Amino acid sequence: MSRVRQVAGGGRAVEVEPERLQGFLDRFGTRHQGVTESRIGPAHAVFTATDGAKAELDIPFGGLPGDPVITPGLHLDPLLPHLLRPRRIALVLVRLGGHSLGVAEGAKVVLSTTDRRQVHGRNKAGGWSQQRFARRREGQARVALQAAADDVFRVLVPQLSTVDAVVLGGDRSALAELRADRRIAELMNRAEERVLDVPEPRRTVLDEAALRARCVDVVVTEP
């Protein structure tokens, strides 16, 4: 089932697999009296319907070369071949207290490691005990993030020359802290802008992320 979320400013974003994009846009056109124009590339694609509805997506994996291609009706060249191209993708999923990372070929994880570390939740009590609890929590979070950075350096950095893309997932603040580690800066700097929203990272979550890393978020706005 496709993941759907509301987006700021109106509309909804639908996570769509490359193999389903043609059918998704066909159905979009049917609901809105046909697609009148396709505008593709290099970094963004917009499909406009007769009644003014739009389906838009950011083009991942480096985008497309050249100037935008504008054609009447629904046309997916050269977008669809770009999305369908097999890729080897490095995945980094991090939340405070856990991480799961690996390399996926297509939708299959071929190399991985997963770890969990205890990080206590926030304490609402006041006074000295709260300060002591906060220091303990900060220390646990620091250890957990250091473990994540160590594993990225050990497992993924040696694979950097073999991967086509890097996809991140999890907590944005935790990922931002990882970026400060110089050992993995080159890998983190190659990451796609899209960050997957994932629960506590486990191996099963990593397997699902390998599928989702190939998807695009299509934002549909109604007239």
Side-chain angles (χ1 to χ4, degrees), residues 1-32 35 37-49 51-65 68-70 74-95 100-101 104 106-109 163-176 188-199 201 204-223:
M1 181 178 294
S2 298
R3 293 171 178 264
V4 182
R5 58 181 173 82
Q6 298 301 308
V7 296
R12 68 186 190 280
V14 185
E15 199 171 85
V16 182
E17 298 171 11
E19 293 82 2
R20 297 179 53 247
L21 184 60
Q22 177 77 58
F24 178 89
L25 291 173
D26 283 339
R27 291 188 293 276
F28 164 78
T30 299
R31 291 194 303 272
H32 296 283
V35 174
E37 180 185 270
S38 300
R39 181 185 181 96
I40 297 176
H44 194 68
V46 183
F47 303 92
T48 304
D51 65 0
K54 292 185 177 181
E56 306 179 53
L57 60 97
D58 291 328
I59 301 174
F61 308 127
L64 295 169
V69 177
I70 304 173
L74 177 60
H75 292 278
L76 292 182
D77 286 335
L79 173 63
L80 195 55
H82 173 74
L83 297 178
L84 289 170
R85 183 165 69 84
R87 289 180 174 87
R88 184 174 164 91
I89 299 176
L91 300 164
V92 181
L93 312 181
V94 180
R95 301 191 75 87
S100 188
L101 52 93
K108 182 179 180 181
V109 175
V163 300
D164 302 298
V166 178
V167 173
L168 309 179
D171 181 72
R172 289 179 180 268
S173 61
L175 290 167
M188 298 297 286
N189 288 340
R190 283 185 56 184
E192 297 288 311
E193 289 189 15
R194 176 179 176 232
V195 176
L196 301 178
D197 181 17
V198 299
T204 54
V205 175
L206 185 69
D207 289 336
E208 183 180 11
L211 292 169
R212 295 178 59 199
R214 303 176 60 250
C215 297
V216 289
D217 280 345
V218 183
V219 177
V220 176
T221 54
E222 308 291 339

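What you are looking at is a predicted structure, and each value in this text was computed from that prediction instead of being measured. Side chains are part of it too, since the values below use all heavy atoms of this structure and drop only hydrogens, waters and symmetry mates.
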Legend entry - Full working for side chain to side chain contact (heavy atoms under 4.5 Å, CB included) between F47 and V220: CA-CA 9 Å; F47 303 92; V220 176; over 6 Å; no
Atom [atom1] in [X], atom [atom2] in [Y]: separation rounded to 0.5 Å?
X    : Y   : atom1 : atom2 : result
D197 : R5  : CG    : CZ    : 8.5 Å
H82  : L64 : NE2   : CG    : 5.0 Å
L83  : I59 : CG    : CD1   : 7.5 Å
R39  : L79 : CZ    : CG    : 14.0 Å
E19  : L21 : CD    : CG    : 10.0 Å
L80  : Q22 : CG    : CD    : 6.5 Å

Please answer whether the main-chain N or O of [Y] pairs with a side-chain N or O of [X] as donor and acceptor at a distance below 3.5 Å.
X    : Y    : result
R190 : V163 : yes
R87  : F61  : no
D164 : R88  : yes
R212 : D207 : no
H44  : L57  : yes
S38  : H75  : yes

Inset, instruction - Using a strict 4.0 Å threshold on nitrogen-to-oxygen distance, state whether E15 and R20 make a salt bridge. - result: no
Inset, instruction - Using the test ring-ring contact (aromatic ring centres under 6.0 Å, His included), find all partners of H32 that sit at least two apart in sequence or belong to another chain. - result: F28
Where is the tightest heavy-atom contact between [X] and [Y], given as atom of each residue plus distance?
X    : Y    : value
P60  : D58  : CD-O, 3.3 Å
S100 : P201 : N-CB, 3.6 Å
L74  : D26  : CD2-OD1, 3.2 Å
V35  : G29  : CG2-CA, 3.9 Å
R95  : P199 : CD-O, 3.5 Å

Inset, instruction - Determine, stepwise, if the pair L93 / L206 fulfils side chain to side chain contact (heavy atoms under 4.5 Å, CB included). - result: CA-CA 7 Å; L93 312 181; L206 185 69; 3.9 Å; yes
Legend entry - Worked check of side chain to side chain contact (heavy atoms under 4.5 Å, CB included) between L91 and V167: CA-CA 5 Å; L91 300 164; V167 173; 4.0 Å; yes
Between [Y] and [X], is there a side-chain heavy-atom distance shorter than 4.5 Å?
X    : Y    : answer
L175 : V195 : yes
P68  : P42  : yes
L168 : E192 : no
C215 : V16  : no

Inset, instruction - Apply salt bridge (charged side-chain N to carboxylate O under 4.0 Å, His left out) to E208 and R3, showing your working. - result: CA-CA 12 Å; E208 183 180 11; R3 293 171 178 264; 2.4 Å; yes
Inset, instruction - Would you please name every residue forming a side chain to side chain donor-acceptor pair (under 3.5 Å) with R12, sequence neighbours left out? - result: E222
